[in-house]
Amino acid sequence: MRTTTLVLGATGKTGRRVAERLSRSGTSVRIGSRSAGIPFDWERPATWGPALRGIGAAYVTFQPDLAVPGALQTVRAFFAEAVGAGVEKLVLLSGRGEPEAQDAEKALQATRADWTILRASWFNQNFSESFFLDPIRAGEVPLPGSLAAEPFVDVEDLVEIAVSALTSNAHSRRLYELTGTKAITFPDAIDQIGRACGRNIAYIPVSMDDYRAELVRQQVPTEYIDLVMYLFGTVLDGRNTPATDGVQAALGRPARTFSDYVRRTAVTGVWGGLNARS
Ligand SMILES: NC(=O)c1ccc[n+]([C@@H]2O[C@H](COP(=O)([O-])OP(=O)(O)OC[C@H]3O[C@@H](n4cnc5c(N)ncnc54)[C@H](OP(=O)(O)O)[C@@H]3O)[C@@H](O)[C@H]2O)c1
């Protein structure tokens, strides 16, 4: 039986944690990254074969998002190559409320591999390891005022399920819709973070047009701007506001709360403020 697991996005928010946990528990891990010894690049299919050689299971996170044009064709081709290379188990990180991501899920379910699908809401960790971090540090977070409340999920919960799915049959052919315990508005999220680290952090509601114009002014690449505007206009239009019991169903315990995430993260000093270590 093949015992090495390929972790795609292994330097990112979920993949890094999945790879660390697997390694700690003694599982042999192949890092999926453009800069790994055996590189993996979604945009260079020639890298897929070497990365898949000898692999038994894979954690699949697509970049930049399953909703971008061409993503379905790319992941379908990857699934086929993985199954052809003898991979038996594929665990896919998917996005909630994105019709294109749901098409990618179906493509995985149509393969002969064993699968688990983690259809996740927005991550708590976007506030500390991704696009909201810099504005929070700067003390001003401009965001479209139209954004709906989101039941942010903690990546620690997601990673726990991914690792279990990669190392056992417990989540075989299961699709989990993963959210936190309840929806939080963006102003509330920023307020909780500000209070936890003892800083004044202003939430500044702007129009979608002004938000786009600011990204253009900052010379953010057009494809990235289009993706962000799609996510803000579609994924955060209210369709995903209801919380689910996916974490409870998968782990037999409630999801971690947003306030717990804020407490844990504030003391690391990443947001600065009174509780910062440095
Ligand atoms: N963030 C969220 O709230 C959220 C919610 C639900 C679903 N998702 C989905 O989760 C996936 C990951 O998103 P994320 O925001 O959490 O990002 P992330 O995993 O933190 O993103 C960075 C990772 O992507 C890798 N990467 C970047 N470009 C790549 C390429 N061309 N080929 C191979 N690897 C590449 C990077 O590896 P190297 O730079 O080392 O190559 C790095 O490991 C996406 O499909 C996203 O739609 C995200």
Side-chain angles (χ1 to χ4, degrees), residues 6-20 29-48 50-52 58-72 74-75 77-79 81-82 90-105 107-108 117-133 143 147-148 150-159 161-162 175-180 183-184 186 189 221 223-224 226-228 230-232 234-236 239-240 244 246-247 255 258 261:
L6 173 66
V7 178
L8 300 184
T11 55
K13 287 184 281 302
T14 65
R16 175 172 56 79
R17 291 171 166 91
V18 168
E20 280 168 8
V29 172
R30 180 169 301 155
I31 296 295
S33 156
R34 290 166 298 180
S35 56
I38 303 173
F40 178 92
D41 189 339
W42 282 110
E43 292 175 15
R44 291 193 301 136
T47 62
W48 304 353
L52 286 165
Y59 177 63
V60 182
T61 67
F62 184 71
Q63 275 296 316
D65 195 288
L66 289 170
V68 302
L72 177 61
T74 304
V75 291
F78 174 78
F79 295 150
E81 186 155 347
L90 291 163
V91 176
L92 174 68
L93 173 59
S94 177
R96 209 168 162 234
E98 293 181 12
E100 302 85 349
Q102 271 78 88
D103 289 342
E105 295 169 0
L108 173 57
I117 294 168
L118 311 180
R119 185 191 286 169
S121 60
W122 274 40
F123 303 156
N124 289 342
Q125 281 73 9
N126 291 338
F127 291 93
S128 46
E129 300 175 27
S130 190
F131 33 83
F132 298 137
L133 178 59
L143 278 174
L147 302 187
E150 171 74 359
F152 300 101
V153 67
D154 200 297
V155 300
E156 298 291 349
D157 284 341
L158 191 151
V159 163
I161 302 165
L175 186 160
Y176 296 110
E177 195 146 338
L178 302 172
T179 73
I184 311 274
F186 280 87
E223 314 80 71
Y224 184 76
D226 289 344
L227 175 60
V228 169
Y230 166 82
L231 294 173
F232 281 175
T234 305
V235 176
L236 291 174
R239 73 184 64 192
N240 292 318
T244 67
V247 171
F258 188 77
Y261 156 74

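Just so you know, ligand 1 is whichever comes first in the structure, and atom 1 is the first atom listed for that ligand.
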Quiz item: Which residue and non-hydrogen atom of the protein lie closest to atom 20 (O) of ligand 1, and at what distance in Å?
Solution: K13 N, 2.9 Å
Quiz item: Got an N/O contact under 3.5 Å between D41 and ligand 1?
Solution: yes
Quiz item: Are any of the N/O atoms in S33 less than 3.5 Å from those in ligand 1?
Solution: yes
Quiz prompt | Distance from atom 12 (C) of ligand 1 to nearest protein heavy atom, with residue and atom | solution = Q63 NE2, 3.4 Å
Quiz item: Any idea which protein heavy atom is nearest atom 39 (O) of ligand 1, and the distance to it?
Solution: R34 NH2, 2.7 Å
Practice problem: Can you sort out the partners of D154 under salt bridge (charged side-chain N to carboxylate O under 4.0 Å, His left out), two or more places apart, ordered by chain and number? | Solution: R264
Quiz item: Any idea which protein heavy atom is nearest atom 47 (O) of ligand 1, and the distance to it?
Solution: D65 OD2, 2.9 Å
Quiz item: Under 3.5 Å, N or O to N or O, is L66 touching ligand 1 that way?
Solution: no
Self-check item: N/O separation below 3.5 Å, F123 to ligand 1
Solution: yes
Quiz item: Does some non-hydrogen atom of G15 fall short of 4.0 Å from ligand 1?
Solution: no
Quiz item: Between atom CD1 of I161 and atom CG of L93, what is the distance when rounded to the nearest 0.5 Å?
Solution: 11.0 Å
Exercise. Starting from atom 32 (N) of ligand 1, locate the nearest protein heavy atom and write down its residue, its atom name and how far away it is, to 0.1 Å.
Key: W42 N, 2.9 Å
Quiz item: Which residue owns the protein heavy atom closest to atom 1 (N) of ligand 1, what's the atom, and how far is it?
Solution: N126 OD1, 3.1 Å
Practice problem: State whether a side-chain donor-acceptor pair under 3.5 Å links T244 with E177. | Solution: no
Exercise. Report, in ascending order of atom number, the atoms of ligand 1 lying under 4.0 Å from any heavy atom of A10.
Key: 43 (O)
Quiz item: Any non-hydrogen atom of A67 lying under 4.0 Å from ligand 1?
Solution: no
Quiz item: For ligand 1, which atoms have a heavy atom of S121 less than 4.0 angstrom away?
Solution: 5 (C), 6 (C)
Quiz prompt | Test ring-ring contact (aromatic ring centres under 6.0 Å, His included) applied to F152 and F186, step by step | solution = CA-CA 10 Å; F152 300 101; F186 280 87; 5.5 Å; yes
Quiz item: Are any of the N or O atoms of S94 closer than 3.5 Å to those of ligand 1?
Solution: no
Exercise. Examine F62 against ligand 1 and note whether any of their N/O atoms are separated by less than 3.5 Å.
Key: yes
Exercise. Search all heavy atoms of S128 against all heavy atoms of Y261 and return the closest pair with its distance.
Key: OG-OH, 2.6 Å
Exercise. Determine, stepwise, if the pair F258 / W122 fulfils ring-ring contact (aromatic ring centres under 6.0 Å, His included).
Key: CA-CA 12 Å; F258 188 77; W122 274 40; over 10 Å; no
Quiz item: Would you say T14 and ligand 1 have an N/O pair spaced under 3.5 Å apart?
Solution: no
Quiz item: Using a heavy-atom cut-off of under 4.0 Å, does the side chain or the backbone of P64 touch ligand 1, or both, or neither?
Solution: backbone
Quiz item: Starting from atom 43 (O) of ligand 1, which protein heavy atom do you reach first, and at what distance in Å?
Solution: T11 OG1, 2.7 Å
Quiz item: Counting only N and O atoms by type, is there a donor-acceptor contact under 3.5 Å from the side chain of R30 to the main-chain atoms of A51?
Solution: yes
Self-check item: Min N/O separation L93 to ligand 1 under 3.5 Å
Solution: no
Quiz item: Any side-chain heavy atom of S130 sitting closer than 4.5 Å to one from Q125?
Solution: no
Quiz item: Looking at F78 versus F40, is the centre-to-centre ring distance below 6.0 Å?
Solution: yes
Quiz item: Does R17 reach the main-chain N or O of K13 with its side chain, forming a donor-acceptor pair under 3.5 Å?
Solution: yes
Quiz item: Are the side chain of T14 and the backbone N or O of V159 linked by a donor-acceptor pair below 3.5 Å?
Solution: no
Exercise. Check for a donor-acceptor pair, side chain of T47 on one end and backbone N or O of D41 on the other, with a separation under 3.5 Å.
Key: yes
